[in-house]
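Below, read A as the first sequence line, B as the second, and so on, with proteins coming before strands; counting in each chain starts at 1. No hydrogens, no waters, no symmetry mates; every other heavy atom, side chains included, goes into these values.
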Protein chains: 2
Amino acid sequence: MDKFDFDQFLTRVLQHPQFEQHGVESYYKKGEHLFSQGEVCSDVFCMRSGLVKFYFNTLEGKEWIKSFVIDKGVLGTRSSQLLDIASPFSALCLEDTEMIRFPYKRFEEACFEDLELARAIFQFTQWLGVKKELREYQLLCLSAEEAYQAFVESNPTLVDRLTQIDIARYLGITPIALSRIKKRLA
Amino acid sequence: MDKFDFDQFLTRVLQHPQFEQHGVESYYKKGEHLFSQGEVCSDVFCMRSGLVKFYFNTLEGKEWIKSFVIDKGVLGTRSSQLLDIASPFSALCLEDTEMIRFPYKRFEEACFEDLELARAIFQFTQWLGVKKELREYQLLCLSAEEAYQAFVESNPTLVDRLTQIDIARYLGITPIALSRIKKRLA
DNA sequence: TGCCTTTATTAACCAAGGTTAATGCATCTG
DNA sequence: CAGATGCATTAACCTTGGTTAATAAAGGCA
């Protein structure tokens, strides 16, 4: 489960009659938002290509990046999907991005009709949980330098498509500190 | 879903024939481990009373606390349950603790037989996800001082039952730094 | 092409937290 | 009860990262 087969998962989801019927193909340009912090957006986004960042804006006006989704994935904001409340973070396309979106309720309904789909979604949720556990470990236990090294090592292609600024905001430091770390490591 | 009804959830789980049959009542003394970092332990623990901490030991010999479970809850280590690999963290009882434990596979089997149980477990998983999202926000976006204030505010009873050391290890700082923060706030 | 914006780097200075060590206090245990 | 252990606090010094500002390079756009 270290690697999740998104191709297979997306195929299974998108072939389902619920989604063939209610799914809407959407294309986003670099710089466009899928949803913004403070908005309610209960849709599920199935991503076929592109690059998206999820970020928080703090009260002091700073930005910190929660996560990235690159190339393929399934995404949305749980707060809106499950609790029908505003998203605590924003989703912004860093590159042109292809999506198919549909209401979260369709997901739930479809799961009751199709046990195999339910199983696939459960596995996806668990896979996400394992990923989040790793993120928690890195934020809690690693120094900025260690976190940077781990990030580069496990996401080489992603690093090439991001700015220094966004990498720093993901690590929880300033781009200046990241520049110093790179100098130290070189 | 801000508050999850563990009483109701535990009742539903523990009433299920699978668990009545295979559940084992276990009592742990303060200082005993449920499982340790590096061990495989795929059991699910249903906690009826007590206090448990989950923590990492880093390569440099430091300890950082992932989370606490207080009074009632359901716990285990996903890595072992889903992937059958060693747990990346340890679980230690900080107080005498009452548990009912059973193999993870029973959970899965029972879910296929009982859709209501599956639904309850799915809700629990999502609730956990929302909690972890909050933790991620606090680690990424808050200063140590802000994180301490947020922790005290949302867990007043828990704070009273923890040492300064464990609170600090949960926040990602040293107990000395926490002492300084308390002085600053007083 | 030239202008403007964004990005990356570096320097100088400052603030927050880590480290080591000492002290007082509470708790446990024989 | 006495000694030992663990916890909380404080001080002095060090390390790391934040802040402000300046500069140079790269990319977007008219």
Where the side chain of [X] is defined as all heavy atoms beyond and including C-beta, which of [options] is the nearest nucleotide?
X: A:Gln164; options: C:dA8, D:dC7, C:dG18; value: C:dA8
X: B:Ala144; options: C:dG17, D:dC7, D:dG18; value: C:dG17
X: B:Ile176; options: D:dG18, C:dA8, D:dA11; value: D:dA11
X: A:Arg180; options: C:dG17, D:dT19, C:dT19; value: D:dT19
X: B:Ala177; options: C:dG18, C:dA8, D:dG17; value: C:dG18

Would you kindly give the [atom1]-to-[atom2] distance between [X] and [N], to the nearest whole Å?
X: B:Leu140; N: D:dG17; atom1: CG; atom2: P; value: 15 Å
X: A:Lys30; N: D:dG27; atom1: NZ; atom2: P; value: 10 Å
X: A:Ile165; N: D:dA25; atom1: CD1; atom2: C1'; value: 14 Å
X: A:Glu145; N: D:dT15; atom1: CD; atom2: P; value: 15 Å
X: B:Ile173; N: C:dA15; atom1: CD1; atom2: C1'; value: 15 Å
X: A:Lys62; N: D:dG17; atom1: NZ; atom2: P; value: 15 Å
X: A:Ile181; N: C:dA8; atom1: CD1; atom2: P; value: 15 Å
X: B:Leu178; N: C:dA16; atom1: CG; atom2: P; value: 16 Å

Indicate the ring-plane relationship of [X] and [Y], choosing parallel, tilted or perpendicular according to the 30° and 60° boundaries.
X: B:His33; Y: B:Tyr55; result: tilted
X: A:Phe68; Y: A:Tyr170; result: tilted
X: A:Phe56; Y: A:Phe89; result: perpendicular
X: A:Phe4; Y: A:Phe9; result: perpendicular

Between B:Lys29 and B:Glu32, is there a side-chain N and carboxylate O pair less than 4.0 Å apart? no
Identify whether any heavy atom of B:Gly172 sits under 4.0 Å from a base atom; if not, whether one sits that close to sugar-phosphate; answer base, sugar-phosphate or nothing. sugar-phosphate
Please determine if a side-chain N or O atom of [X] lies less than 4.0 Å away from the OP1 or OP2 oxygen of [N].
X: B:Lys183; N: D:dA11; value: yes
X: B:Thr174; N: C:dG18; value: yes
X: B:Lys182; N: D:dT10; value: no
X: A:Arg184; N: D:dG17; value: yes

